[in-house]
*Asks:* 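Got a structure for you, questions after.
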Amino acid sequence: LRAEQKYTEVHHLDGVDLSNESLSALEEQFPQLLRVHRNALVNPDFIAGMEPAPAGGRQLRLRHIQDPIAISRRHASTVRQRLQALEPSRGA
């Protein structure tokens, strides 16, 4: 999910839809989503990996989405911890 002006873009396997809901409201409704940036939430089930960003910092690669998602410095440690917690279940 990505905030764009007054809307939230909801990216899914069948395309993109727009929602009037704020990211904060969606984050409350769906606590499984992971905040990676002030303007982005992701479903951890679709994370393919974390990698260095060309301009510095880190970014996420998501399955089924070509463009990487930037991870803000503010959220980097939480994202790293969540990914480490998910590692045992990903190997199963």
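Computed over heavy atoms, backbone and side chain alike; hydrogens, waters and symmetry mates excluded. The shown structure was predicted, so the numbers you read here are calculated from the model rather than taken from an experiment.
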*Asks:* For Thr78 and His75, test the side chains for any donor-to-acceptor distance below 3.5 angstrom and give the result as yes or no.
*Replies:*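 There is no such pair (donor and acceptor under 3.5 Å, judged by atom type) between the side chains of Thr78 and His75.
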*Asks:* For Arg82 and Pro44, work out which heavy atoms get closest and say how close.
*Replies:*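 Residues Arg82 and Pro44, closest heavy atoms: NH2-CG, 3.6 Å.
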*Asks:* Is there a path of hydrophobic side-chain contacts, each under 4.5 Å between heavy atoms of I, L, V, M, F, W or Y residues, that connects Val42 with Val79?
*Replies:*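 Yes, Val42 connects to Val79 through the hydrophobic network.
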*Asks:* In Å, rounded to the nearest 0.5 Å, how long is the span from CG of Asp67 to CD of Gln59?
*Replies:*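 Spacing of CG (Asp67) from CD (Gln59) equals 9.5 Å.
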*Asks:* Looking at Asp45, is its backbone amide N or carbonyl O close enough to the side chain of Arg63 to form a donor-acceptor pair, meaning the two atoms are under 3.5 Å apart?
*Replies:*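 Yes, Arg63 side chain to Asp45 backbone: donor-acceptor pair under 3.5 Å.
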*Asks:* Can you find a heavy atom in the side chain of Leu60 that is under 4.5 Å from one in the side chain of Phe46?
*Replies:*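 Contact flag for Leu60/Phe46 side chains = no.
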*Asks:* Do Leu18 and Glu9 have side chains that approach each other closer than 4.5 Å (heavy atoms only, starting at C-beta)?
*Replies:*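 Yes, side chains in contact.
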*Asks:* Side chains of His12 and Asp14: do they bring a donor and an acceptor to under 3.5 Å?
*Replies:*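 Looking only at side-chain atoms, Asp14 and His12 do not form any donor-acceptor pair under 3.5 Å.
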*Asks:* What distance do Ile47 atom CD1 and Arg61 atom CZ have between them, rounded to the nearest 0.5 Å?
*Replies:*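 Rounded to the nearest 0.5 Å, the CD1-CZ separation comes out at 13.5 Å.
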*Asks:* Would you please name every residue forming a side chain to side chain donor-acceptor pair (under 3.5 Å) with Glu28, sequence neighbours left out?
*Replies:*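 If we apply the side chain to side chain donor-acceptor pair (under 3.5 Å) test to Glu28, skipping adjacent residues, there are no hits.
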*Asks:* Counting only N and O atoms by type, is there a donor-acceptor contact under 3.5 Å from the side chain of Arg35 to the main-chain atoms of Arg38?
*Replies:*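 Side chain of Arg35 to backbone of Arg38, a donor-acceptor pair under 3.5 Å: yes, one is there.
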*Asks:* Roughly how far, to the nearest 0.5 Å, is CD1 of Ile71 from OG of Ser77?
*Replies:*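 Separation between the atoms: 11.0 Å.
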*Asks:* Can you name the closest pair of heavy atoms from Ala25 and Ser22 and give their distance?
*Replies:*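 In terms of heavy atoms, the two residues are closest at N-OG, 3.0 Å.
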*Asks:* Atom CG of Asn43 and atom NE2 of His11: how far apart are they, to the nearest 0.5 Å?
*Replies:*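 Here the interatomic distance stands at 13.5 Å.
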*Asks:* If you measure from CG on Leu41 to CD on Gln32, what distance do you get to the nearest 0.5 Å?
*Replies:*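 Output value for this atom pair is 10.5 Å.
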*Asks:* Taking only residues two or more places apart in sequence, or in another chain, which ones meet Gln5 in a side chain to side chain contact (heavy atoms under 4.5 Å, CB included)?
*Replies:*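 Checked Gln5 against side chain to side chain contact (heavy atoms under 4.5 Å, CB included); zero matches.
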*Asks:* How many angstroms lie between atom CG of Leu23 and atom CG of Leu33, to the nearest 0.5 angstrom?
*Replies:*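 Between Leu23 CG and Leu33 CG, I get 9.5 Å after rounding to 0.5 Å.
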*Asks:* Following the transitive rule for hydrophobic clusters with a side-chain heavy-atom cut-off under 4.5 Å over Ile, Leu, Val, Met, Phe, Trp and Tyr, establish whether Val36 and Met50 coincide in one cluster.
*Replies:*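 Looking at the clustering, Met50 is in the same group as Val36.
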